[in-house]
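These figures come from a predicted structure and were not determined experimentally. Index from 1, following the sequence.
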Amino acid sequence: ALLEVIAPERGKYAEARVATVAGSVAGASAVLWRQAQEQSARDTAMALDRAVLAVRPGLGSSLQRLAVLSESAGDLKTAGECWRTLASGLPEGAQEWFQAKFNSLRVLATADPVAATPAIRQHLVLHPTGPSPWHEQIINLAAGLGVSDAGKGTGGGAP
């Protein structure tokens, strides 16, 4: 109801104050979804994050939340797109970048294991080491897909 008063038009979500309120409401709705599995709360959070991302496409908190909630709704395409977009806006090699990269590869592996195999192989060639726990999780994901060189470069340190 508050958002309807301060932002009767979706275009207003481009304003920082409105995006902040929408993000807070989306965050609270996501908590309600996680705690009570209230589907309407998940749908509200997803709708708000989509509205915010339509006018502020790189907003990390909305991208991450929409990725998680989309996956829970079975929308792997949106989840993967959100994780890839998030990774593309983060400094390559940073902890958060590895988290987003792992999740994008994990969602891809769920949706299309054949396409995920070369993507994971390429990631491991370009990033043979990385921070815990994300690098180890990528190694485990690769091993689960039968990527034969998954165990190389498991040094755990930042690249």
Less than 4.0 angstrom from a charged side-chain N to a carboxylate O is my criterion; do Lys77 and Glu71 meet it?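 The answer is no: the pair does not qualify as a salt bridge.
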Between [X] and [Y], what is the shortest heavy-atom contact and its length?
X	Y	result
Ala45	Ala30	CB-N, 4.0 Å
Leu48	Ala22	CD1-O, 4.0 Å
Ser104	Arg84	CB-CG, 3.9 Å
Gly80	Val107	N-CG1, 3.8 Å

I'd like to check [X] versus [Y] (side-chain heavy atoms, cut-off strictly below 4.5 Å). Are they in contact?
X	Y	result
Val68	Trp83	yes
Gln95	Trp134	yes
Ser29	Arg42	no
Leu124	Ile139	yes
Thr78	Cys82	yes
Trp97	His127	yes

Would [X] end up clustered with [Y] when hydrophobic side chains under 4.5 Å apart are linked, directly or stepwise?
X	Y	answer
Val25	Leu63	yes
Leu105	Leu145	yes
Leu59	Leu86	yes
Leu90	Leu53	yes

When the ring planes of Phe98 and His123 are compared, do they come out parallel, tilted or perpendicular, using 30° and 60° as the limits?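 Rings of Phe98 and His123: perpendicular, over 60°.
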Look up atom [atom1] in [X] and atom [atom2] in [Y], then write down how far apart they are to the nearest 0.5 Å.
X	Y	atom1	atom2	value
Glu96	Gln64	CD	CD	9.5 Å
Thr85	Glu81	OG1	CD	7.0 Å
Met46	Ser62	CE	OG	12.5 Å
Arg50	Leu69	CZ	CG	9.5 Å
Gln99	Ile138	CD	CD1	10.5 Å
Leu76	Thr110	CG	OG1	6.5 Å

Determine whether more than 12 heavy atoms belonging to other residues, nucleotides or ligands lie under 6.0 Å from atom CD of Gln37.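 Correct, the count exceeds 12.
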Using the rule given for side-chain hydrogen bond (donor to acceptor under 3.5 Å, both in side chains), can you reason through Ser70 versus Asp75, listing the C-alpha separation, both sets of side-chain angles and the distance that settles it, and then say yes or no? CA-CA 5 Å; Ser70 294; Asp75 184 356; 4.6 Å; no
Please lay out, stage by stage, how Arg56 and Glu15 fare under the test side chain to side chain contact (heavy atoms under 4.5 Å, CB included). CA-CA 9 Å; Arg56 300 181 70 151; Glu15 296 175 18; over 6 Å; no
